[in-house]
Amino acid sequence: MTAEPSPAAARRILLVEDEPSLVLTLTDRLLSEGYQVETAADGEEGLSKALEGSFDLILLDVMLPRRDGFEVCRELRSRGIQVPVVMLTARGQVVDRVVGLKLGADDYVTKPFEMIELLARIEALFRRARTPTSAQAGTYSFGDVRVDFRRAEVFKEGEPVPLSALEFKLLAYFIQNRGALLTRDELLDKVWGYDAMPTTRTVDVHVASLRQKLERNASRPELILTVHRRGYRFAG
Ligand code: CA
């Protein structure tokens, strides 16, 4: 008689944490819950593992050697990688939590935490995982365009298309929200972020540039559609 496969069986978690005892405790517990676990002991290693491997979730400590958790999270998001991130913050770092969420973390847990609480947060994130399957696999294709999220590269008819970091981020946001009406304000908020002060005109300029690079005919867009007076809709 074979055991029922655990719902966690295929889930891969990257744990980025520099405190050895916590790494040990967390790894043991996550493994016993049926997750696959990989670990990194500093921000640099965490970032490169996150970029190379395909993980279903990242547990990311804030205070890390080499690169802190905020930097790692920001870098992942700016490359269009939408894997759920749970930040591990120290007690009382209220500002840190706010900053973490603005940088694209999905949740945070304050140290010291009960293991049961962390596991509940992880399961909740998996339940509402919004990452499209194809993006988890690392690429997304539409028309003759292929987007490689891990390498942050775009190809049209097999040829590389040079995109700025912001253009890539904008395209990734369009892909994640394909079919939805996206207002300029939402795009500014989600793509440009809290510390920039661009105008809605900035959005139009970047959309125009993406159209030039990706559309068959930029003056008659078929991928990034204008919704009159309201914003844009990605139809790719
Ligand atoms: Ca730490």
Side-chain angles (χ1 to χ4, degrees), residues 6 8-131 135-136 138 149-152 165 169 172 190 193-196:
S6 155
R11 307 285 199 187
R12 297 187 71 222
I13 295 179
L14 175 62
L15 169 62
V16 190
E17 168 64 62
D18 60 321
E19 195 182 310
S21 61
L22 188 54
V23 171
L24 208 61
T25 318
L26 274 173
T27 305
D28 276 358
R29 185 59 193 265
L30 292 169
L31 288 173
S32 77
E33 295 291 323
Y35 296 110
Q36 295 177 30
V37 185
E38 205 164 314
T39 62
D42 64 60
E44 198 70 48
E45 188 190 4
L47 181 62
S48 70
K49 284 195 170 174
L51 292 172
E52 285 162 16
S54 73
F55 292 95
D56 298 295
L57 186 132
I58 298 177
L59 296 176
L60 185 55
D61 187 27
V62 172
M63 298 295 287
L64 287 166
R66 299 175 77 190
R67 296 183 88 161
D68 69 33
F70 295 144
E71 272 185 68
V72 173
C73 187
R74 187 207 294 262
E75 180 77 23
L76 288 175
R77 295 307 187 229
S78 76
R79 293 182 185 225
I81 293 175
Q82 291 299 314
V83 55
V85 172
V86 178
M87 312 272 319
L88 309 178
T89 73
R91 180 156 51 187
Q93 291 176 316
V94 178
V95 179
D96 285 0
R97 294 175 205 162
V98 174
V99 173
L101 294 175
K102 281 187 170 169
L103 289 178
D106 296 87
D107 204 350
Y108 59 86
V109 173
T110 307
K111 291 178 181 176
F113 48 80
E114 296 292 330
M115 195 61 77
I116 195 85
E117 186 198 351
L118 179 64
L119 291 172
R121 301 285 184 92
I122 290 172
E123 281 162 26
L125 276 177
F126 281 142
R127 274 198 301 275
R128 66 179 165 94
R130 58 179 195 276
T131 319
Q136 272 171 345
F149 287 100
R150 267 183 246 142
R151 295 174 181 276
K169 202 175 166 192
K190 296 293 165 64
Y194 68 102
D195 53 357

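In this chain, residues are counted from 1 in sequence order. FYI, side chains are in, hydrogens and waters are out, and symmetry mates aren't considered; it's all heavy atoms of this structure. Just so you know, ligand 1 is whichever comes first in the structure, and atom 1 is the first atom listed for that ligand.
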Result of checking Thr39, Ile13, Leu22 against Thr27 for side-chain contact (heavy atoms from CB on, under 4.5 Å):
Thr39
Which of the protein's N, O or S atoms come within less than 3.0 Å of the Ca ion (ligand 1), not counting waters?
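Metal shell, protein only: Asp18 OD1, Asp61 OD2, Met63 O.
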Between the main-chain N or O of Val16 and the side-chain N or O of Asp61, is there a donor-acceptor pair closer than 3.5 Å?
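Checked: no pair found.
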Test of understanding: with side chain to side chain contact (heavy atoms under 4.5 Å, CB included), list the residues that count as partners of Leu51, not counting sequence neighbours.
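Counting only residues at least two positions away or on another chain, Leu51 forms a side chain to side chain contact (heavy atoms under 4.5 Å, CB included) with Leu47, Leu76, Arg79, Ile81.
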Partner residues of Glu71 under the side chain to side chain contact (heavy atoms under 4.5 Å, CB included) criterion, sequence neighbours left out:
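With neighbours one apart ignored, the set is Arg67, Asp68.
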When you measure from the centre of the six-membered ring of Phe126, is the NZ or CZ of Arg11 closer than 6.0 Å and no more than 45° off the axis?
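Judged by the rule (NZ or CZ under 6.0 Å from the ring centre, within 45° of its axis), Arg11 counts as positioned above Phe126.
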For Arg151, give me all partners under side-chain hydrogen bond (donor to acceptor under 3.5 Å, both in side chains), at least two apart in sequence or on another chain.
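In terms of side-chain hydrogen bond (donor to acceptor under 3.5 Å, both in side chains), with neighbours along the sequence ignored, Arg151 is linked to no residue.
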